[in-house]
Amino acid sequence: MVAVAALVHVIVGTAGEDRGPPTPTLNPETLSSRLVRDEPPLVLDTRGRAAYLTGTIPGALDAGTDPAGYLPDSRGGNAVLIVEPGTDPAPWMNRLLGFGYRVEVLAGGLPAWRAAGLPVVNPQAGFAIPGSRPFVIPRGLCEMNTPADRFH
């Protein structure tokens with residue numbers, strides 16, 4: 001009888017703790033170095049509009065809090081999620097994986113980014129970030145299939 005109770009405890013305990021494969025994380029310093037590459041990752045701030053407007057990582061997009069409402073393009077590539085510490089990134093990861101992205105989560109979120117002494121921008125300011133890469137309107141969005149303008 002004791003052996004059966006122990007077996008039930010083991011089965012229930014392991015089933016309740018099964019969380020699937022570990023979430024791939026990225027430390028702030030590694031993300032910072034990847035952001036200056038020719039093809040930086042897509043950085044999505046999933047903390048919500050209010051948190052995004054108080055400060056975020058340079059180049060991060062406000063993705064909102066509902067992954068079902070975010071429609072990424074299907075080109076795939078690398079994506080990094082900024083989530084509130086303690087928030088489950090699985091719904092966001094599943095959404096992006098379905099569109100062909102390789103997804104990592106910023107370890108420690110924005111607090112870890114700040115603690116590392118890395119730059120935080122205020123999206124409300126509306127100014128270009130000094131030292132940021134120029135933005136080119138992609139082909140196909142302009143007449144004659146050539147970039148119409150460069151923003152520096």
Side-chain angles (χ1 to χ4, degrees), residues 6-141 147 150-152:
L7 180 60
V8 168
H9 176 72
V10 168
I11 292 172
V12 171
T14 56
E17 294 170 8
D18 183 23
R19 295 185 182 143
T23 302
T25 58
L26 186 66
N27 68 42
E29 293 80 10
T30 304
L31 176 57
S32 177
S33 69
R34 288 186 185 175
L35 289 176
V36 296
R37 291 183 181 170
D38 287 336
E39 292 187 30
L42 171 66
V43 180
L44 297 176
D45 192 330
T46 65
R47 301 173 302 136
R49 184 82 176 151
Y52 175 79
L53 291 175
T54 61
T56 191
I57 293 172
L61 301 177
D62 177 16
T65 57
D66 182 13
Y70 181 74
L71 184 61
D73 63 25
S74 60
R75 67 181 169 87
N78 296 316
V80 178
L81 300 174
I82 305 169
V83 298
E84 287 288 345
T87 303
D88 181 18
W92 279 100
M93 294 183 72
N94 292 335
R95 177 82 171 160
L96 292 167
L97 289 170
F99 282 88
Y101 283 87
R102 290 173 298 283
V103 186
E104 296 173 294
V105 175
L106 178 62
L110 196 63
W113 181 269
R114 288 180 195 259
L118 296 165
V120 175
V121 296
N122 181 349
Q124 294 181 24
F127 296 107
I129 304 162
S132 63
R133 295 201 165 281
F135 173 75
V136 178
I137 296 176
R139 292 181 185 274
L141 295 179
R150 271 186 197 266
F151 298 92
H152 297 279

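Quick note: residue numbers are just sequence positions, from 1.
- Under the side chain to side chain donor-acceptor pair (under 3.5 Å) criterion, the residue pairs touching residues 45-54 are Asp45-Arg47, Asp45-Thr56, Arg49-Asp62, with sequence neighbours excluded.
- In this structure, the separation between CH2 on Trp92 and CG on Leu44 is 6.5 Å, given to the nearest 0.5 Å.
- Between Leu106 and Pro28, some side-chain heavy-atom pair lies under the 4.5 Å cut-off.
- To the nearest 0.5 angstrom, Leu61 atom CG is 9.5 Å from Ile82 atom CD1.
- Expressed to the nearest 0.5 Å, how far CG of Leu26 lies from OG of Ser33 amounts to 8.0 Å.
- Within the 4.5 Å cutoff, the side chain of Ile57 has no heavy atoms near those of the Val80 side chain.
- The nearest pair of heavy atoms linking Glu29 to Ala116 is OE2-CB, 3.3 Å.
- Annotation for Gly76 and Tyr101: closest pair O-CE2, 3.3 Å, computed over non-hydrogen atoms.
- When all heavy atoms of Pro91 and Pro67 are compared, the closest pair comes out as CB-CG, 3.6 Å.
- Annotation: side chain of Pro24 is not in contact with side chain of Arg102 (no heavy-atom distance under 4.5 Å).
- Side-chain atoms of Trp113 do not come within 3.5 Å of backbone N or O of Gly108 as any donor-acceptor pair.
- Closest heavy-atom contact between Arg34 and Pro41: O-CD, 3.7 Å.
- Shown here for Thr25 and Glu104, the closest heavy-atom pair between the two residues is O-OE2, 4.1 Å.
- Pro123 and Leu53 make their closest contact through CD-O, 4.0 Å (heavy atoms, listed as atom of the first residue, atom of the second, distance).
- With sequence neighbours excluded, the residues satisfying side-chain contact (heavy atoms from CB on, under 4.5 Å) with Asp66 are Ala68.
- The shortest distance between side-chain heavy atoms of Pro58 and Val120 does not fall below 4.5 Å.
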